[in-house]
Amino acid sequence: MNFAEIRIPRASFFLFAGLLAAFFLSLAIGSAPVPVLGGLFDWLIGQPGLPALVMGEIRLPRALLALSVGAALGLSGAALQGLLRNPLADPSLTGASQGAALGAASVFYFGVLPGLGVFAPLLAGLAGAALALLLTLWLAGSGRPALLLLAGLAIASLSGAALAAVLNFAPNPFAMQELVFWLLGSVSERGMAHLVFLLPALVIGGALIWRQRPLLAALSLGEQVTASLGLDVRRGGRIVVLGAAMLVGSAVATAGNIGFVGLIAPHLARPLAQNRPDRLLIPAAAIGATLVLLADIVARLMPPGREIRLGVLTALIGAPLFIRLIWKMRREWL
Amino acid sequence: MALIEVKNLTLKDRLDSVSFSVEPGEMLAVIGPNGAGKSSLLQSLAGLLPASGDIFLSGIPLRGIKPNERARQLGFLPQFCDSAWALAVEEIVALGRLPWRDRDPEALRQAMRETGIEGMARKSINQLSGGEQARVWLARVLAGTPQVFLADEPIASLDLYYQGKIMDILRQHASGARSVILAIHDLALAARYCDRFCLLKQGRIHAFGSPETVLTEAALSDAFGVPIHVDLAHSPPIILPA
């Protein structure tokens with residue numbers, strides 16, 4: 001066995017140990033001291049009581065949501081960077097996240113879907129993401145991946161402009177505050193039912209991307225080489241964008257805008273995958289999940305009354321990490 | 001039987017009913033001025049451009065073959081190669097196995113041995129010089145064990161040492177049941193290595209055949225639009241603007 005073959009499992013072991021630790025921590029930390037395993041067990045067997053209630057209704061959904069949203073963002077970021085052969089590609093380039101934000105915003109502004117209560121922003125967000133995606137695919141036609149992402153950027157700009165208009169004409173300051181707060185991102189005050197909406201989109205989107213691993217690997221050497229290896233760049237590219245948009249759209253519809261995770265997670269994961277874009281998917285998803293779990297824990301530890309939103313925290317953590325990466329890359333290129 | 005047979009290959013504004021065939025073991029040089037259609041011809045053969053006409057591989061029409069199967073038979077080396085990520089040499093060579101959906105260690109070893117890059121298997125591609133990289137791109141195609149190796153100007157921008165190295169490797173590949181078709185600008189080097197020539201001018205075949213029939217002062221001067229001096233008897237052959 002050679003050196004490289006030993007190194008990969010060890011790195012992924014640490015990766016998943018870290019993820020598991022963050023998940024456990026997320027279950028353990030909160031305003032009330034509750035035994036994690038005892039509470040989970042009580043909840044599973046249907047034993048009533050405070051520990052079961054806190055675990056089953058509050059902490060477990062929150063931790064699972066943070067995990068899913070982070071994994072979705074990390075995975076879609078890794079896929080898009082591979083597809084575009086560009087380390088600066090970000091999930092928001094698909095237009096789906098802005099579309100989801102606009103869909104959710106229309107709930108706060110127009111009060112659409114009143115019968116759905118807390119699920120209204122989620123469903124409207126999913127609809128917005130789907131609409132933005134369809135517009136993007138229609139605009140790009142059967143174009144190359146670069147054109148597809150340009151189309152995504154154009155639709156994202158359009159959705160962003162519409163969102164700004166919604167903010168501009170907000171009916172009252174409370175609606176605007178609610179909207180802005182929602183957009184800043186959070187995984188709190190959501191239940192298992194949110195996961196039921198989120199999971200199918202995550203599974204399908206993830207599977208679509210997973211099946212395009214040969215395409216992502218080949219694209220390292222460019223579109224010409226990829227086509228000469230018998231792979232359909234245009235069709236595969238559309239599938240990757242579709243998968244990424246499903247992941248990002250559902251993540252944003254559930255938890256609002258959680259910035260920088262999709263951009264930074266693939267960068268952190270790249271050394272563990274020997275820079276191979278196809279091997280990057282799982283580590284990037286694991287790192288994305290860990291980052292969002294940790295950020296959510298920090299958000300919880302803030303003194304009560306002064307809530308800091310999850311999206312603000314990930315951006316505050318992610319941006320300096322990104323600056324550090326660029327600093328490192330700058331030295332490598334000299 | 002011809003290994004590859006091309007009939008009336010046509011691509012709007014680029015290729016005009018190009019027909020020829022290549023026998024097993026042959027090395028065919030596609031020559032001609034810039035814009036004559038050399039790259040278009042190779043890319044059409046590789047399935048990258050939607051040219052009309054028929055291509056037969058050992059008598060079987062390529063039209064009915066799945067892209068994946070076609071990629072196993074025809075390996076394509078583009079004129080410009082790069083890697084978006086700092087991949088290890090070994091990983092890049094392994095990408096040549098994608099049409100086979102495997103990582104056949106023997107094929108990888110063989111490709112790296114033929115190109116003399118075994119020693120750099122673990123090195124990152126961006127640590128290598130241009131000449132070393134050229135051998136890695138070549139090894140990537142060889143790893144797919146193609147019947148027909150299509151190379152688009154594989155020696156452009158290489159120094160004299162690596163030009164010879166790359167031509168040696170391609171010549172070695174064109175043996176037995178396998179063939180090489182390459183676009184090339186260095187006519188003297190081509191005269192030394194290649195069995196047959198396809199001289200293109202404005203998307204049409206201007207001359208086709210052995211060095212003696214194609215590499216004549218009249219044919220070359222006409223195709224390139226400058227008087228050209230040819231001395232094939234000299235060793236190595238001399239082909240220069242007069």
Side-chain angles (χ1 to χ4, degrees), chain A residues 1-8 78 80-89 142 144-146 211-236 266-267 269-281 284 328-329 332-334, chain B residues 39 42-50 62 65-103 105 121-122 124-127 133 136-137 140-141 143-144 146 148-152:
Chain A
M1 194 184 272
N2 60 44
F3 181 62
E5 279 166 14
I6 303 168
R7 205 174 53 183
I8 304 164
L80 290 175
Q81 292 183 4
L83 179 68
L84 284 179
R85 317 177 71 224
N86 190 332
L88 291 177
S142 61
R144 302 164 47 202
R211 296 199 41 144
Q212 294 300 321
R213 280 170 302 146
L215 178 85
L216 294 176
L219 275 172
S220 307
L221 303 184
E223 290 177 25
Q224 256 192 356
V225 170
T226 306
S228 81
L229 287 169
L231 296 160
D232 190 336
V233 178
R234 291 181 182 199
R235 185 171 167 276
H267 281 276
R270 205 155 272 134
L272 304 176
Q274 286 90 43
N275 294 322
R276 284 233 350 210
D278 53 331
R279 293 205 194 121
L280 187 63
L281 299 176
K328 246 175 73 186
M329 279 156 78
E332 278 170 18
W333 281 339
L334 281 178
Chain B
S39 290
L42 288 176
Q43 289 180 21
S44 299
L45 292 178
L48 303 182
L49 292 174
L62 269 190
I65 295 181
K66 282 189 198 151
N68 196 42
E69 188 61 34
R70 180 190 191 129
R72 291 181 182 185
Q73 309 292 337
L74 295 152
F76 176 64
L77 180 66
Q79 187 176 354
F80 303 106
C81 298
D82 76 321
S83 175
W85 315 105
L87 298 179
V89 165
E90 181 174 51
E91 298 293 339
I92 288 178
V93 177
L95 287 176
R97 294 302 297 173
L98 267 179
W100 302 90
R101 295 288 187 275
D102 69 13
R103 218 186 138 93
R122 296 293 159 83
S124 167
I125 186 74
N126 55 7
Q127 293 173 330
Q133 285 188 6
V136 175
W137 309 132
R140 193 271 302 163
V141 183
V148 182
F149 192 130
L150 306 163
D152 195 356

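Here is how names work: the chains are called A, B, and so on, in the same order as the sequence lines, proteins then strands, and each is numbered from 1.
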Asks: Can you name the nearest heavy-atom pair linking B/Gly144 to B/Trp100, along with the distance?
Replies: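 In terms of heavy atoms, the two residues are closest at O-NE1, 3.0 Å.
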Asks: Under 4.5 Å, counting heavy-atom pairs only, tell me which of A/Leu219, A/Leu221, A/Asp232 racks up the most with chain B.
Replies: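 Top count of heavy-atom pairs under 4.5 Å with chain B: A/Leu221.
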Asks: Applying ring-ring contact (aromatic ring centres under 6.0 Å, His included), can you list everything that pairs with B/Phe76, at least two apart in sequence or on another chain?
Replies: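 Once residues adjacent in sequence are excluded, B/Phe76 has no partner under the ring-ring contact (aromatic ring centres under 6.0 Å, His included) criterion.
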Asks: Under a 4.5 Å cutoff for heavy-atom pairs, which residue among B/Gly75, B/Ser124, B/Pro78, B/Ala94 has the most contacts with chain A?
Replies: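 Going by pairs under 4.5 Å, I would pick B/Pro78.
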Asks: Out of B/Lys66, B/Arg101, B/Arg70, return the one with the most heavy atom pairs under 4.5 angstrom to chain A.
Replies: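 Most heavy-atom pairs within the cutoff with chain A belong to B/Arg101.
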Asks: By a 4.5 Å heavy-atom criterion (distance strictly below it), what part of B/Glu69 contacts chain A: side chain, backbone, both, or neither?
Replies: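 Neither part; nothing is under 4.5 Å.
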Asks: Using only atom types and a distance under 3.5 Å, with no angle test, would you say the side chain of B/Asn68 pairs donor to acceptor with the backbone of A/Gly230?
Replies: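 Checked: no pair found.
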Asks: So which residue, B/Pro67, B/Pro99, B/Ala84, ends up with the most heavy-atom pairs under 4.5 Å with chain A?
Replies: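 Sorted descending by pairs with chain A, the first entry is B/Ala84.
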Asks: Which region of B/Leu95, side chain (C-beta onward) or backbone (N, CA, C, O), has a non-hydrogen atom less than 4.5 Å from a non-hydrogen atom of chain A, or is it both or neither?
Replies: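 Backbone plus side chain of B/Leu95, per the 4.5 Å heavy-atom cut-off to chain A.
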Asks: Which residues pass the salt bridge (Lys or Arg N to Asp or Glu O under 4.0 Å) test with B/Asp82, sequence neighbours left out?
Replies: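 Result, salt bridge (Lys or Arg N to Asp or Glu O under 4.0 Å) vs B/Asp82: A/Arg85.
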Asks: State plainly whether the residues B/Glu91 and A/Arg279 are in salt-bridge range, i.e. N to O under 4.0 Å.
Replies: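 Yes.
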